[in-house]
Visitor: 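This is the structure, below, for whatever I ask next.
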Amino acid sequence: MNWFVRFFIMGGWEFMSLVLMSGLAVIAFFILLLINRANEEKARYFEKLMRETGRFTLAVGLLGQVIGLYQAMIFIEANGAVAMQTLAAGLRVSSHPTLLGLFFFVLSLLFAVFFQASRKPQLGSA
């Protein structure tokens with residue numbers, strides 16, 4: 001758990017908090033989907049919310065990375081030459097929100113696949 005706290009803090013609490021809250025919403029929508037699975041209309045509604053929240057989570061993570069890279073470029077411009085280690089560390093840290101957003105996005109896709117696979121197939125007349 002200590003590694004996650006370091007990962008979270010290094011990634012910048014502003015965007016990491018937004019990504020984490022959105023990711024927890026993905027999990028909450030999946031739980032609501034499971035609870036309401038008998039009601040087809042509600043289940044589809046929560047599935048859509050889960051998928052859209054997963055996409056939003058990825059987008060927020062990408063936005064966090066772009067803003068982090070922009071801040072790094074401002075720093076490099078102001079200070080001139082920077083060591084490769086410093087540049088690599090900045091690139092690594094800027095990718096934290098994207099990695100967390102991608103994790104929750106993939107999780108939302110896996111949840112959706114699980115839900116689709118667990119549904120009874122609709123046999124229609126041809």
Side-chain angles (χ1 to χ4, degrees):
M1 191 60 154
N2 191 21
W3 66 269
F4 183 76
V5 172
R6 281 197 317 262
F7 180 82
F8 186 87
I9 292 171
M10 285 179 65
W13 68 271
E14 300 93 346
F15 279 99
M16 293 295 279
S17 296
L18 285 173
V19 171
L20 184 62
M21 286 187 292
S22 300
L24 293 175
V26 166
I27 295 169
F29 289 137
F30 179 66
I31 291 169
L32 289 169
L33 188 153
L34 290 177
I35 291 170
N36 294 291
R37 139 164 72 182
N39 183 336
E40 185 71 25
E41 187 176 333
K42 280 187 178 181
R44 287 194 180 277
Y45 174 73
F46 287 121
E47 180 188 12
K48 183 175 180 182
L49 282 176
M50 181 184 65
R51 286 177 182 255
E52 294 300 321
T53 306
R55 289 184 188 119
F56 175 76
T57 303
L58 178 59
V60 170
L62 287 169
L63 179 63
Q65 182 170 13
V66 168
I67 290 175
L69 289 172
Y70 181 75
Q71 290 172 338
M73 296 304 154
I74 291 173
F75 176 81
I76 291 170
E77 182 182 25
N79 294 314
V82 294
M84 288 301 287
Q85 293 86 356
T86 305
L87 183 60
L91 290 173
R92 180 178 55 84
V93 167
S94 76
S95 68
H96 287 195
T98 302
L99 287 172
L100 189 61
L102 186 60
F103 170 77
F104 284 117
F105 174 68
V106 170
L107 192 64
S108 73
L109 293 178
L110 289 174
F111 286 162
V113 167
F114 171 77
F115 173 68
Q116 292 296 326
S118 68
R119 289 178 57 211
K120 293 179 184 173
Q122 300 282 337
L123 298 177
S125 56

Visitor: Give the minimum heavy-atom separation between F115 and A43, together with the two atoms involved.
Guide: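 Taking every non-hydrogen atom into account, CZ-CB, 3.7 Å.
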Visitor: Calculate, to the nearest 0.5 Å, the distance between atoms CE and CZ belonging to M16 and F4 respectively.
Guide: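 Reported to 0.5 Å precision, the distance equals 6.0 Å.
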Visitor: Are the side chains of I76 and L87 in contact, using a 4.5 Å heavy-atom criterion?
Guide: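 Yes. Closest side-chain heavy atoms under 4.5 Å.
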Visitor: Measuring from R37:CZ to R44:CZ, what's the distance to the nearest 0.5 Å?
Guide: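 Rounded to the nearest 0.5 Å, the CZ-CZ separation comes out at 14.0 Å.
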Visitor: To the nearest 0.5 Å, what is the distance between CD on Q85 and CZ on R92?
Guide: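 Here the interatomic distance stands at 12.5 Å.
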Visitor: Shortest non-hydrogen contact from M50 to L33?
Guide: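 In this case the closest contact between M50 and L33 is CE-CD1, 4.3 Å.
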Visitor: Of all the heavy-atom pairs spanning S94 and P97, show the shortest one and how long it is.
Guide: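 Nearest pair, atom of S94 first, then P97: O-CD, 3.4 Å.
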Visitor: Can you get from L20 to W3 by hopping between Ile, Leu, Val, Met, Phe, Trp and Tyr side chains that sit under 4.5 Å apart?
Guide: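 Yes; W3 is reachable from L20 via cluster members.
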Visitor: Is there a path of hydrophobic side-chain contacts, each under 4.5 Å between heavy atoms of I/L/V/M/F/W/Y residues, joining M21 to I67?
Guide: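 As far as the 4.5 Å side-chain criterion goes, M21 and I67 are connected within one cluster.
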Visitor: In terms of hydrophobic clusters joined by side-chain contacts under 4.5 Å, are F29 and F103 together?
Guide: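 Yes: a chain of side-chain contacts under 4.5 Å links F29 to F103.
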Visitor: Quick one: do L99 and I27 end up in the same hydrophobic cluster if we chain Ile, Leu, Val, Met, Phe, Trp and Tyr together by side-chain heavy atoms under 4.5 Å apart?
Guide: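 Hydrophobic grouping puts L99 with I27.
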Visitor: So for atom CD, which belongs to Q116, do other residues, nucleotides or ligands contribute more than 12 heavy atoms lying within a distance under 6.0 Å?
Guide: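 More than 12 within 6.0 Å, yes.
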Visitor: Decide whether V66 and L18 are clustered together by the hydrophobic rule: side chain heavy atoms of Ile, Leu, Val, Met, Phe, Trp, Tyr closer than 4.5 Å, transitively.
Guide: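 No, no single cluster joins them.
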Visitor: What's the separation between atom CG in N79 and atom CD1 in I74, rounded to the nearest 0.5 Å?
Guide: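 So the gap between those two atoms works out to 11.5 Å.
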Visitor: State the OG-CG distance between S108 and L49, to the nearest 0.5 angstrom.
Guide: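 Result: 12.0 Å between the selected atoms.
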Visitor: Is there a side-chain contact between L62 and L102 in this structure, where contact means two heavy atoms from C-beta onward sitting under 4.5 Å apart?
Guide: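 No - every pair of side-chain heavy atoms lies 4.5 Å or more apart.
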Visitor: Work out which heavy atom in V26 is nearest to a heavy atom in F104; give both atom names and the distance.
Guide: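 Result for this residue pair: CG1-O, 4.3 Å.
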Visitor: Decide if atom OH of Y45 counts as having more than 12 heavy atoms of other residues, nucleotides or ligands within a radius under 6.0 Å.
Guide: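 Result for OH/Y45: open.
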Visitor: For a quick test of reading the model, state the closest non-hydrogen atom pair linking V60 to F15 and the distance between them.
Guide: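 Scanning both residues, the minimum pair turns out to be O-CD2, 3.7 Å.
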Visitor: Could you tell me which residues satisfy side-chain hydrogen bond (donor to acceptor under 3.5 Å, both in side chains) with T98, sequence neighbours excluded, listed by chain and number?
Guide: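 Result, side-chain hydrogen bond (donor to acceptor under 3.5 Å, both in side chains) vs T98: Q65.
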Visitor: Around atom CZ of F56, are there more than 12 heavy atoms from other residues, nucleotides or ligands closer than 6.0 Å?
Guide: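 Not more than 12 within 6.0 Å, no.
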Visitor: What is the ring orientation for F114 with F30, classed by angle as parallel under 30°, tilted 30 to 60°, or perpendicular over 60°?
Guide: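 Aromatic pair F114/F30 classed perpendicular.
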Visitor: Quick one: NE2 on H96 to CZ on R6, what's the gap to the nearest 0.5 Å?
Guide: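 With rounding to 0.5 Å, NE2 (H96) is 10.5 Å from CZ (R6).
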Visitor: For R51 and A112, which heavy atoms make the closest approach, and how far apart are they?
Guide: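 R51 and A112 have their closest heavy atoms at NH2-CB, 3.3 Å.
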Visitor: Could you check whether atom CZ of F7 has more than 12 heavy atoms from other residues, nucleotides or ligands sitting under 6.0 Å from it?
Guide: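 Yes - once you tally the heavy atoms of other residues, nucleotides and ligands closer than 6.0 Å, there are more than 12.
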